[in-house]
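Notes for the one structure printed next.
Note: hydrogens, waters and symmetry copies are ignored here, and every other heavy atom, side chains too, is used. In each ligand, atom 1 is the first atom listed, and ligand 1 is the first ligand listed.
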Amino acid sequence: MEKETETTKVEPAAPAPAPRVAVVLFLLKGKSSVLLGRRRSSIGDSTFALPGGNLEFGEGFEECAIRELKEETGLEVQRTEFLTVTNNVFVESPKPSHYVTVFLRARLDDPNQVPRNIEPEKCHGWDWYDWGDLPSPLFWPLEKMVRSGFNPFANIPS
Ligand SMILES: Nc1ncnc2c1ncn2[C@H]1C[C@H](O)[C@@H](COP(=O)(O)OP(=O)(O)OP(=O)(O)O)O1
Ligand SMILES: [Mg+2]
């Protein structure tokens, strides 16, 4: 039998991370207010973004949005509507990532509910902003939507 020859071990290139699914929520109040929080994250740090997060195994989009909203702000909504979906590749982040993001919208069931910053390690705080006078800098996927003329208050064609 032939003797095995020693070969130089070549490390395989790290496989590209799989795209993930996120669900985020436009929480609307009155005629033109929307809830935004300033992120604390390796992705989009310090930018203003919507509540939301990673879809968990077996979860529906609405279920995920309602859960993330509650976990991040303490606010409760009963129902949501689908708005749109975007495809975002975050190449600049320390760990490149790719998200398919589902956008839903909802109205506060009780307009007197006040958002709380339940995960201060992930967010500087939540507040209501006027859609016509949004803060800066916005999280870039959101900035891109705003620039394209997207309006979460518009009627959804049935
Ligand atoms: N407005 C947005 N537009 C596009 N993508 C978004 C938006 N908001 C979040 N994402 C994407 C990128 C984020 O890294 C990803 C997950 O959301 P993020 O808020 O960072 O997670 P999370 O920490 O709340 O999730 P979890 O609670 O599941 O850990 O979703
Ligand atoms: Mg989040």
So which protein heavy atom does [atom] come closest to, and at what separation?
atom	value
atom 6 (C) of ligand 1	F139 CE2, 3.6 Å
atom 21 (O) of ligand 1	G53 CA, 3.6 Å
atom 25 (O) of ligand 1	N54 ND2, 3.2 Å
atom 24 (O) of ligand 1	E72 OE2, 2.7 Å
atom 9 (C) of ligand 1	V24 CG1, 3.6 Å
atom 5 (N) of ligand 1	T101 OG1, 3.0 Å
atom 30 (O) of ligand 1	A22 CB, 3.0 Å
atom 29 (O) of ligand 1	K122 NZ, 3.4 Å

Checklist line | ligand 1 atoms in contact with E68 (distance to a heavy atom under 4.0 Å) | finding: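 It comes down to these atoms of ligand 1: 24 (O), 25 (O), 26 (P), 27 (O), 28 (O).
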
Item checked: Per-atom contacts, ligand 1 versus N88 - under 4.0 Å to a heavy atom ->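 Heavy-atom distances to N88 below 4.0 Å select 4 (C), 5 (N).
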
Notebook entry, point to check: So, is R39 placed with an N/O/S atom under 2.8 Å from the Mg ion (ligand 2), counting both backbone and side chain?
Noted result: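 No N, O or S atom of R39 is closer than 2.8 Å to the Mg ion (ligand 2), so no.
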
Notebook entry, point to check: G52: heavy atom below 4.0 Å from ligand 1, yes or no?
Noted result: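 Yes, G52 has a heavy atom closer than 4.0 Å to ligand 1.
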
Margin query: So for E56, does at least one of its heavy atoms come nearer than 4.0 angstrom to any atom of ligand 1?
Written below: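 Not so, E56 does not reach ligand 1.
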
Next item on the list: Scan side-chain atoms only and decide if H98 and N87 contain a donor-acceptor pair under the 3.5 Å cut-off.
Entry: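 Looking only at side-chain atoms, N87 and H98 do form a donor-acceptor pair, the distance falling under 3.5 Å.
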
Check: Is the closest N or O pair between I43 and ligand 1 shorter than 3.5 Å?
Finding: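 Among all N and O atoms of I43, none is under 3.5 Å from an N or O of ligand 1.
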
Next item on the list: Give yes if a backbone or side-chain nitrogen or oxygen of R39 is under 3.5 Å from a nitrogen or oxygen of ligand 1, and no if not.
Entry: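 Yes; the residue has a nitrogen or oxygen that sits under 3.5 Å from a nitrogen or oxygen of the ligand.
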
Checklist line | F139 six-ring face occupied by R39 cation (under 6.0 Å, within 45°) | finding: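 Yes, R39 and F139 form such a contact.
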
Check: Can you tell me the N, O or S atom of E72 that's nearest the Mg ion (ligand 2)?
Finding: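 It is OE2, the N, O or S atom of E72 closest to the Mg ion (ligand 2).
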
Item checked: Atom pair CD/CZ of E81 and F103 - distance to nearest 0.5 Å ->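 Here the interatomic distance stands at 16.0 Å.
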
Notebook entry, point to check: Are the side chain of R116 and the backbone of T73 linked by a donor-acceptor contact shorter than 3.5 Å?
Noted result: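 Between the backbone of T73 and the side chain of R116 there is no qualifying donor-acceptor contact (under 3.5 Å).
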
Next item on the list: State whether the side chain of R40 and the backbone N or O of P120 hold a donor-acceptor pair below 3.5 Å, judged by distance alone.
Entry: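 Flag set: sc R40 to bb P120 pair under 3.5 Å.
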
